[in-house]
Structures are given as C-alpha cells and as structure tokens.
Amino acid sequence: MRVGVPQEIKKNEHRIGLTPTAVREYVAHGHTVLVQTGAGEGAGFTDAEYKLAGAKIAPDAKTVFADSDMIVKVKEPQKVEWEMLREDQILYTYLHLAPDPEQTKGLLASKCAAIAYETVTDRNGGLPLLAPMSEVAGRIAVFSAAETLLKHNGGMGLLFCGVPGVAPARVAVLGGGVVGFNAARMALGLGAEVVVLERSIPRMREIDELTDGRVITRYSSINAIEEEIIKADVVIGAVLVHGAAAPKLVKREHLKQMKNGSVLVDVAIDQGGCFETSKPTTHEDPTYEIDGVVHYCVANMPGAAPRTSSEALNNATLPFGLALADHGLDALKKDPHLARGLNVLGGQITYPAVAEAMGMEWSDPYGVWEK
C-alpha cells in the first residue's frame with residue numbers, strides 16, 4: 001500500500017503522523033511511504049532521517065494526497081485537506097467529529113473511509129490510541145495552569161506549590177480517567193492540594209490506592225462539582241464520553257461564584273469542551289477571561305511537546321496502522337476494536353455518537369454496534 005504523511009497545517013501543530021522509526025516498520029512490511037518535505041521538522045525529524053528509514057519525500061501535500069492509498073495524520077483534516085480526499089482512500093487520524101459538523105459533512109462528501117484514533121477500543125473497553133495523548137495533555141494541563149495562575153499571565157498571582165507557611169493551589173479535576181489521573185498525579189507532585197471528581201467508585205478506589213490517599217476523591221454529583229469549583233484555584237476539565245460531545249459541567253453562572261483570577265483548563269475542548277464558556281484557543285494566544293475566571297482551552301495541548309507526543313502516539317497507532325496497510329479495510333473484519341474506529345465510510349456515518357450529535361442516520365457495515 002502507498003501510505004502518505006502530509007505536514008500538519010492546524011495552527012501551532014508540530015506533531016507528525018509517522019516518525020522515522022514507524023516509517024521503517026511500514027517499509028519492512030513492503031509498503032511505500034510518502035512524506036511531505038519538512039513535515040517532521042517541527043518534531044525534530046529531518047527529511048534525511050525519513051529517507052534513511054526508507055521513505056520517499058514529496059514536494060507538497062497535494063502530491064501526498066494524490067499518490068497515497070492511506071493518509072496518516074495527527075489532527076483532524078482541515079477544509080483544504082478533506083477536499084483532497086477521495087472515495088478509495090483511508091484516513092487514519094484524530095477526528096473528534098461530534099462537535100464539528102463542518103468536518104463531518106466534508107468527510108461524508110469525500111466518501112473516504114475515516115478512522116478516528118479516539119474511538120478505536122481495546123479488550124477492556126479502553127481507548128488505546130487516545131491514551132498516550134491524554135497522558136501528555138493531562139500533564140501539560142497542570143504546567144499550563146501553574147503558569148496561568150501567575151499574575152502577569154492573568155491569574156490571581158498564586159504560586160502553585162506554595163511555600164512554607166503559605167498554602168499551595170487547590171486543584172479540582174473533573175474526571176478520573178487517563179487525563180484526570182495524569183493531571184492529578186502531576187499536580188500532586190508539584191505540591192498542590194488535589195481533589196478528583198469521578199463517578200466510577202472502582203476508579204476512585206484505584207486513584208486512592210495509587211496515590212496512597214493523598215488525592216481526595218469525591219463522587220461527581222452536581223452538588224460536589226459546585227462545592228469544589230468554588231473552593232478551587234484551578235479546575236481541570238478531563239471528562240470524556242466516547243466519541244460524543246463532552247457534557248457541560250461548569251455553567252456560566254458558576255463563574256461568578258469562583259475565585260477572581262482562578263483558572264479553568266479545558267482538556268475536553270477537542271470534544272466541544274466541558275465548561276459552558278469554553279472556546280478553542282491556540283498556544284500563541286492560549287487564554288481569555290470571563291467574569292474574572294481565566295480560561296485555558298488550547299485544542300492541541302500535546303502539540304506543545306511534539307517530539308514526545310509524536311513518539312508516544314506512534315507507539316500506540318503503529319500496530320493498527322500496519323494492519324490497515326497490510327489488509328486494507330479487510331483489517332476491520334478481522335478486528336472489531338479497530339472497526340469501532342471507523343467513523344465515516346462511503347458517505348455514511350458509522351459511529352453512533354457522531355450520528356446522534358449530527359441528527360443523522362448511521363450504518364454498521366462491520367456489525368460492531370448493538371442497535
């Protein structure tokens with residue numbers, strides 16, 4: 001198969017769909033890999049490294065899309081990219097379609113087979129291709145919150161870790177999944193007081209055990225959320241509903257009850273955000289203020305560490321990507337977990353939560369969903 005890797009064009013995005021190490025694996029499987037010139041430079045990978053791994057270098061994205069059977073990316077395709085997709089192509093990348101009707105319509109019009117990293121599952125019901133970026137995002141969220149709390153960045157002027165005699169920041173983490181746990185552990189390590197709000201009692205027990213009881217866990221009720229965000233200096237939104245838009249847990253009216261200069265970090269922004277007042281921001285201009293509360297809603301937080309993020313992502317995506325390259329869409333027949341990654345095929349939505357968000361019908365070509 002001809003596998004294409006274009007340069008990411010979303011603002012401040014420097015990750016790369018395939019690292020040279022991954023390219024070498026594809027080539028070893030007998031595939032041709034076409035990498036757009038300069039595509040890896042943002043993550044520290046040169047064209048020379050890609051050539052050494054066996055890739056061919058293409059002069060532009062148009063060539064990559066035209067000459068490839070499968071496109072491997074990181075972020076969701078932008079308009080100029082989905083217009084280059086065609087019916088006989090596989091797109092393998094993050095999509096986050098539920099809050100993005102424009103992209104959904106663009107992919108439907110292309111009739112490509114669009115496979116989303118974030119909806120591929122594993123035997124335990126986890127999301128193995130989302131997990132590595134969730135780990136990175138959860139940790140970066142804490143660094144970003146600590147910086148934003150400083151006065152010159154718009155925060156209340158609080159030192160995240162405190163000093164002897166002065167209390168550290170209190171951090172409320174909404175959601176105890178991969179993002180939430182990594183954020184909690186990082187915040188705890190930096191000296192903050194941390195509370196995680198979660199609905200899974202077994203998960204709360206696990207967090208309690210893993211942190212030796214140093215992280216406070218609370219059942220995520222409406223009352224608990226309202227109580228904790230009022231006490232918090234930092235609130236990290238880490239809520240995920242598989243493939244669907246994130247629920248709005250913090251409302252506009254809550255902001256006036258929060259501390260002036262407190263910080264909201266919405267890691268769920270790719271899925272529409274879990275704060276009612278969230279809107280996507282960039283690394284160049286990451287924050288804005290509403291009712292005295294600073295919002296940090298960068299839509300590609302792991303893009304701040306593109307080298308680490310690209311390598312971690314490729315470690316997870318490589319086995320599934322090789323299966324697609326080796327067998328084409330027949331790989332979905334062999335692996336129902338990979339088949340759950342299919343969001344769009346032949347002009348039809350194939351993921352229930354996306355269809356629900358769009359108010360559209362959906363199909364189940366590989367029989368992986370119960371209707």
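Position 1 is the first residue of the sequence; numbering continues from there.
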Euclidean distance, [Y] [atom2] relative to [X] [atom1], rounded to 0.5 Å:
X: L149; Y: E147; atom1: CG; atom2: CD; result: 10.0 Å
X: H327; Y: K334; atom1: NE2; atom2: NZ; result: 5.0 Å
X: N315; Y: L129; atom1: CG; atom2: CG; result: 11.5 Å
X: T148; Y: M156; atom1: OG1; atom2: CE; result: 11.5 Å
X: L322; Y: T317; atom1: CG; atom2: OG1; result: 9.0 Å

Under a single-linkage rule joining Ile, Leu, Val, Met, Phe, Trp and Tyr whose side-chain heavy atoms are separated by less than 4.5 Å, which residues share a cluster with [X]?
X: V80; result: I9
X: I201; result: M204, Y219
X: V163; result: L159, V166

Return yes when atom [atom1] of [X] has more than 12 non-hydrogen atoms of other residues, nucleotides or ligands closer than 6.0 Å, and no otherwise.
X: K333; atom1: NZ; answer: no
X: K259; atom1: NZ; answer: yes
X: K248; atom1: NZ; answer: yes
X: E253; atom1: CD; answer: yes

- Task: Please test R205 against E209 for salt bridge (Lys or Arg N to Asp or Glu O under 4.0 Å), starting from the C-alpha separation and ending with a verdict.
- Result: CA-CA 6 Å; R205 290 194 182 108; E209 291 174 4; over 6 Å; no
- Message: Please determine whether side chain to side chain contact (heavy atoms under 4.5 Å, CB included) holds for the pair D326 and H31, giving the CA-CA distance in whole Å, both sets of side-chain angles, and the decisive distance to 0.1 Å.
- Response: CA-CA 8 Å; D326 290 346; H31 306 296; 2.6 Å; yes
Run the side-chain donor-acceptor check on residues 294-301: report pairs under 3.5 Å with partners two or more places apart or on a different chain.
| from | atom 1 | to | atom 2 | distance (Å) |
| --- | --- | --- | --- | --- |
| H295 | ND1 | V293 | O | 3.0 |
| H295 | NE2 | T277 | OG1 | 2.7 |
| Y296 | OH | S144 | OG | 3.2 |
| N300 | ND2 | N12 | O | 3.3 |
| N300 | ND2 | E13 | OE1 | 2.9 |

- Inspect the contact between D69 and R2 and indicate whether a charged nitrogen and a carboxylate oxygen are less than 4.0 angstrom apart.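 D69 and R2: salt-bridged.
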- When you check the gap from the basic side-chain N to the acidic O, do K75 and D270 get nearer than 4.0 Å?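 Looking at K75 and D270, the cut-off is met.
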- Task: Determine whether V3 and L342 fall in the same hydrophobic cluster, where Ile, Leu, Val, Met, Phe, Trp and Tyr are linked whenever their side-chain heavy atoms lie under 4.5 Å apart.
- Result: yes
Apply side chain to side chain contact (heavy atoms under 4.5 Å, CB included) to [X] and list each qualifying residue two or more places apart in sequence or on a separate chain.
X: A339; answer: L332, Y366, V368
X: A43; answer: I16, F45, P306, S310
X: E102; answer: K79, W82, D100
X: E206; answer: R203, L210

- Establish, from distance only, whether the side-chain atoms of T63 and D60 form a donor-acceptor pair under 3.5 Å.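 Yes - a donor-acceptor pair under 3.5 Å links their side chains.
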- Query: Would I225 and H254 satisfy side chain to side chain contact (heavy atoms under 4.5 Å, CB included), going step by step from the backbone distance to the final call?
  - Reply: CA-CA 10 Å; I225 291 172; H254 291 143; 5.6 Å; no
Any donor-acceptor pair under 3.5 Å linking the side chain of [X] with the backbone of [Y]?
X: D122; Y: N124; result: yes
X: E289; Y: D291; result: yes
X: R214; Y: V194; result: no
X: T119; Y: R340; result: yes
X: E311; Y: S309; result: no

- Message: Taking ring-ring contact (aromatic ring centres under 6.0 Å, His included) as the definition, give me every residue that meets it alongside Y94, ordered by chain and number, with sequence neighbours left out.
- Response: H96, Y117
- Task: Let me see the working for V72 and V33 under side chain to side chain contact (heavy atoms under 4.5 Å, CB included), right down to the final yes or no.
- Result: CA-CA 10 Å; V72 182; V33 181; over 6 Å; no
- Item | Pairs flagged by salt bridge (Lys or Arg N to Asp or Glu O under 4.0 Å) wherever residues 23-44 is involved - sequence neighbours left out |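 Every candidate salt bridge (Lys or Arg N to Asp or Glu O under 4.0 Å) pair involving residues 23-44 fails, so no pair, neighbours aside, qualifies.
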- Query: Any side-chain heavy atom of V267 within less than 4.5 Å of one from I236?
  - Reply: yes
- Can you check side chain to side chain contact (heavy atoms under 4.5 Å, CB included) on L95 and L107, steps first, answer last? CA-CA 10 Å; L95 293 176; L107 293 180; 3.9 Å; yes
- Query: What pairs meet the side-chain hydrogen bond (donor to acceptor under 3.5 Å, both in side chains) rule with one or both residues in residues 175-191, with sequence neighbours excluded?
  - Reply: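 Non-adjacent pairs meeting side-chain hydrogen bond (donor to acceptor under 3.5 Å, both in side chains): R139-N182.
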- Results of salt bridge (charged side-chain N to carboxylate O under 4.0 Å, His left out) for R123 - residues two or more places apart only: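 Listed in chain order: nothing, the list is empty.
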- For residues I71 and L85, report the shortest heavy-atom separation together with the two atoms involved.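 Closest heavy-atom pair between I71 and L85: CG1-CD2, 4.3 Å.
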